[in-house]
Structures are given as C-alpha cells and as structure tokens.
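To keep things clear, I will list the structure first and then write my remarks on it.
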Number of protein chains: 2
Amino acid sequence: MENLRVTVDIVIFTVTNGSIQVLLVKRGVPPFEGQYAIPGGFIREDESLENVALRELYEETGVRNVFLEQLYTFGDPKRDPRGRVITVAYYALIASDKYSLVAGADAAEAHWYAANDLPPLAFDHRSIFDYALERLRNKLEYTTVGFQLLPEKFSLGELQAVYEAILGRRLDKRNFRRKLALLGILKPLREWQRTGHKPAQLFRFAARHGNQEVDFDP
Amino acid sequence: MENLRVTVDIVIFTVTNGSIQVLLVKRGVPPFEGQYAIPGGFIREDESLENVALRELYEETGVRNVFLEQLYTFGDPKRDPRGRVITVAYYALIASDKYSLVAGADAAEAHWYAANDLPPLAFDHRSIFDYALERLRNKLEYTTVGFQLLPEKFSLGELQAVYEAILGRRLDKRNFRRKLALLGILKPLREWQRTGHKPAQLFRFAARHGNQEVDFDP
DNA sequence: CCAAAAGTGTTAGGAGTACACCCATGG
DNA sequence: CCATGGGTGTACTCCTAACACTTTTGG
C-alpha cells in the first residue's frame, strides 16, 4: 500500500510526590498545532520498533535502561488527518530520580502533567493514554513493575505511595506490607531514611528471576 | 520511510475432540515456499487493522462474528527476507460447529493442525503462535472467552474439555462446575444430550454484560 | 451386566480485607 | 510536647484444591 506510515508513540509515566505523571509535548506544527501529544516518531529503516521507542525515550528524557513494554497498535484509517498513519504504542516507567528532561529535543518542549488532570490531547492520544494507564494498573497487581518507578533504595512508605498513586485509591498499610513480606522480593538494608519523623528503613528490590524488565520480546 | 509494508496475521484457534487446533496455510511462493504459515494479508488503504483480520478470517473459514483480539505487533527488521514488513498479529476463536474451510481461497490450502504438534513455521510465525497460545491461556482464566469455542448449546463435559485442551492439563470436575455455578453465566436448558452414556444436560452461555466479544477496541 | 461419562459435598489451607495502637524523630 | 509517618497482629471471609461414590444410559 502507498502512503502508509508507521510511528511509535510512547506513554511515559513517572510518579512524583504521590502523583502519577505523564510526559507530553506541545505540538509546533499542524495538525493539532499548539495541542499536547504523547511523544513519538517515525520508524527508520532497519530499526526495531522497540528501538524507536528507546530512542524517543532517550531523546526526551535522557534515560536508558527503563521498563518498556509494547501496548497496542492503533490503526484506524482516520486517526491522522494527514493520511494513513499506524502507530505502535508503547509505555515506559521511569524512576523519579532518573530523568532529566531534555530541552528543545524535538523543537518541542516536554513537560510532566498529572495523569488525572491532562489537557486535551491530539489525535487519538487520549485513547492511547487511557489504555496505557489501564494496563499499568493491571500489571501492578500481578507483576513487580511498580519498582521501576522508585529509586534503588526506598522506604515502604514510598513504595506504597507509588501503588496508591497509580491505582487511585488508598491501601491498607499492614496488608500491603504483609503481602510484600510474603513475596520475598525486598532486601532490607541497614540504612534508615531521616525525614523529620520516625526514620524509615530502606529496602532494595531483589527479584528472584529477572522478570521485572521487558515483559515480552520475541 | 520507504519500502515499508504492514501485514495483519491471524492465529485462528478451534477445539475439536478435546484437541486445540490452529489454522495454517501452505506457502506457494518464496520465501519459505512449501512451508506452513499463519494466514495473513497486506492492509488496504482505508481499511482498519481489525477489518483486515476479519476479512482474512472470512476468506479462509467463511466465518463472521467471532471473537477477535489484537495480540502484538512484530516488527523485527529481519523478520521477512523480502524487506521491512511489520505485522500486526491477531488471534481469533471459532466454534467447532461454525467453520467450513474455504478451498483455494488464497491459492493456498488451509488446514487445521494440532497446536501441540505443529510443523515448522515460516518467518517468525512460531513466536506469534506461542504468544497467542499464552495469551489465550491467560484470558481463559479471567474472562469467558472459552465459550467462543463452543456451539450455542453444550454440555458441561464439553466445556471442561475445551478448558483442558487449551490449558493442557486436567481439571477437577466438581471444582470446575462449582466455579461456573458461582459465576452464574450458564443458562440450563430443558434439553439433554444423548451420547451412549448417561445423558448430559445442555446449557447456553448467558453473559451479564456483553464483554465476551472484542475485548478492547478504541 | 458392563463400560463410560454425568452428577454431586465436604474439608483444609491460603489469600484478601478490615481494623487500632504504640514508637521514634525533628521541630 | 506534639505532629507526623513508621511499624506491628488478629479475626473473618472467600476462593482454591483435594478427594470418591452413585446414577443413567447404550451396547
């Protein structure tokens, strides 16, 4: 087929101060000029889809080695007014201490926006975002992706805050901690965090079998 | 990017005689001439991805209105020796009483093969199949997709056989039935199946809210 | 009468949920 | 001394899993 293009778009999540945030760029050209969009780019010859996502991610945030997973492919013929553009959507999780937004990378400024109060998005990016958040919520329940959003050393309170931010509801502290203890994936450190109150013990994530990174990659 | 093409491939499952089967076509042209492959086709202008899948499905099996779900997009630059071909993979479930293979549709014969004894597959189709089966197994546990593989009226024994065929292990009859009763999604009929042994009562699937068809479709 | 599948309850263990108080620190 | 988050145990419910015998039919 002629006139067919393929892009890779990425929903990039982080959690700061108990609030889940998404990286958006302001479009500088039509269509949807001036509106916000999920970062993305066209694929290059001989570049894998995941690589496009990693490249975009690096260009926007300067971050490598993050959790990245393919989400869904959006191919409605009318999703882009310029013509037939299929997008393979990914989502990524980056730890709050790792990113540093790269200014002017794509001639577009990238900024974080609270996921529960997003501005209107270009194209079908709202659908993509909604699906990404849904997927993240589901994955949180039966995998350990949540740890990808934390620094290497963290307190149980910080961990719980990440879960609560993503799920959008409060969790019971005792039940949360018991479940973690049962999973046996936390390594307690001989370090304590001084925060102005009772110091919190720090932990490190210690997965049994390396299933915390890319989930499926044929 | 030039020279980029997008195909839609479909893993089509059915269950017959307690055995899960996949539809394969024998390739008549290089590359991989003479080898087996998952059915698929190039997308047309102004045709949604799902529509391509539905069209292929209809051409191969003469079936419409089946369960169809997008699986994953495979985009490795070397997956097709002819050039850059990205494939959006779908999987479909069709009831054992519905299909009738259409002969010579694509100048290629389509036949069913037992999923646990597939011949070598062309391209990366083995990966696609593996992922489809994994997804189907997972979905079986927390959705009602299994009913898509049965005729409208079925016995509990037939239903259990479908589950066992997909999961690849035996299930406990009493636990299986209790769980179904608890779900409350089966409508018992005043009909019994005569099979040479004690007759089995027939049931009909009666979902509460129509979530048994397409799972996500933005 | 025999082979084959249908049908049917109970018990034990594990996971999830609800719930309240004392502790250690910085200011 | 007080405000703030850290840290801890118990009881109930529900789901899961293990497990065996009787019934009905066709041949």
Side-chain angles (χ1 to χ4, degrees), chain A residues 15-19 96 137-144 146 150-151 153-205 208, chain B residues 15-19 96 137-144 146 150-151 153-204:
Chain A
V15 173
T16 329
N17 303 325
S19 153
S96 50
R137 282 181 173 152
N138 289 334
K139 282 264 169 176
L140 202 63
E141 313 250 20
Y142 65 95
T143 69
T144 56
L150 287 162
K153 300 173 182 183
F154 51 86
S155 70
L156 297 181
E158 289 171 324
L159 179 58
Q160 187 174 340
V162 165
Y163 272 71
E164 290 177 341
I166 296 172
L167 296 176
R169 62 189 160 91
R170 303 304 306 274
L171 301 175
D172 182 90
K173 193 175 14 166
R174 282 170 290 189
N175 294 338
F176 183 76
R177 287 167 186 228
R178 181 181 30 254
K179 191 169 171 180
L180 280 168
L182 235 45
L183 285 173
I185 52 176
L186 288 188
K187 179 178 182 167
L189 305 176
R190 296 192 156 279
E191 294 180 58
W192 278 260
Q193 193 179 57
R194 298 167 301 286
T195 63
H197 307 295
K198 178 171 177 177
Q201 188 170 13
L202 293 179
F203 293 81
R204 182 196 305 275
F205 176 53
R208 308 168 182 288
Chain B
V15 174
T16 329
N17 303 325
S19 153
S96 50
R137 283 182 173 152
N138 290 334
K139 282 265 168 176
L140 203 62
E141 313 250 19
Y142 65 94
T143 69
T144 55
L150 287 162
K153 302 173 181 182
F154 52 85
S155 70
L156 298 181
E158 290 170 325
L159 179 58
Q160 188 174 339
V162 165
Y163 273 72
E164 290 177 343
I166 296 172
L167 296 176
R169 61 188 160 92
R170 303 302 307 271
L171 300 174
D172 182 272
K173 193 173 20 166
R174 282 170 291 189
N175 293 338
F176 184 76
R177 287 168 185 227
R178 180 178 34 253
K179 192 168 171 180
L180 280 167
L182 235 44
L183 284 173
I185 51 176
L186 288 187
K187 179 177 182 168
L189 305 177
R190 297 192 156 277
E191 293 179 59
W192 277 260
Q193 193 178 57
R194 298 168 300 287
T195 63
H197 306 296
K198 178 170 178 177
Q201 189 170 14
L202 293 178
F203 293 80
R204 182 197 306 276

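The analysis underlying the following values was restricted to heavy atoms, covering all of them including side chains, and did not include hydrogens, waters or symmetry mates. Order of the sequence lines fixes the chain letters, A, B, ..., with proteins taken first and strands second; residue numbering starts at 1 for each chain.
- Between the CD atom of A/Gln160 and the P atom of D/dG7 there is a distance of 11 Å, rounded to whole Å.
- Straight-line distance from the CD atom of A/Gln193 to the C1' atom of D/dG7: 14 Å, rounded to whole Å.
- Comparing A/Lys198 and B/Trp192 along DNA chain C, the residue whose closest nucleotide (by nearest heavy atom) sits nearer the 5' end is B/Trp192.
- Of the two residues near DNA chain D, A/Gln201 and B/Arg174, the one whose nearest nucleotide lies more 5' is A/Gln201.
- Interface remark: the A/Lys173 side chain does form a donor-acceptor pair with the D/dG6 base, using a distance-only criterion of under 3.5 Å.
- Between A/Ala200 and A/Asn175, the one whose closest nucleotide on DNA chain D sits nearer the 5' end is A/Ala200.
- Judged by distance alone with a 3.5 Å cut-off, no donor-acceptor contact links the side chain of A/Arg178 to the base of C/dA15.
- Side-chain contact between A/Phe203 and A/Leu189 is absent, with no heavy-atom pair separated by less than 4.5 Å.
- Per the geometry, CD belonging to A/Glu141 stands 14 Å off C1' belonging to C/dA15, to the nearest Å.
- Without hydrogens or angle criteria, A/Asn17 side chain to A/Ser19 main chain gives no donor-acceptor distance under 3.5 Å.
- In this structure, B/Gly196 reaches the bases: a heavy-atom distance under 4.0 Å links it to at least one base atom across the strands shown.
- Ranking C/dT25, C/dT8, D/dG6 by closeness to the A/Ser155 side chain, first place goes to D/dG6.
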Take A/Gln193 and A/Gln201 through the test side chain to side chain donor-acceptor pair (under 3.5 Å) and record every step on the way to the result.
CA-CA 6 Å; A/Gln193 193 179 57; A/Gln201 188 170 13; over 6 Å; no
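- Ion pairing between A/Glu164 and A/Arg169 fails under the 4.0 Å rule for side-chain N and carboxylate O.
- Taking atom CZ of residue A/Phe176 and atom P of nucleotide D/dG6, one finds them 12 Å apart after rounding to whole Å.
- Between the CG atom of B/Leu171 and the C1' atom of D/dA18 there is a distance of 14 Å, rounded to whole Å.
- In this structure, A/Tyr163 atom OH and C/dG16 atom P are separated by 12 Å, rounded to whole Å.
- Within 4.0 Å (heavy atoms only), A/Lys179 reaches sugar-phosphate atoms of the nucleic acid but no base atom.
- Here A/Arg194 does not reach the OP1 or OP2 of C/dG26: none of its side-chain N or O atoms lies under 4.0 Å away.
- Taking every side-chain heavy atom of A/Leu182 into account, C/dA15 is the closest of C/dA15, D/dC19, C/dG7.
- Of the possible donor and acceptor atoms, none in the side chain of B/Arg177 sits under 3.5 Å from a partner among the backbone N and O of B/Leu156.
- Relative to the side chain of B/Leu156, the nucleotides C/dA24, D/dT8, C/dG7 differ in distance, and C/dG7 lies closest.
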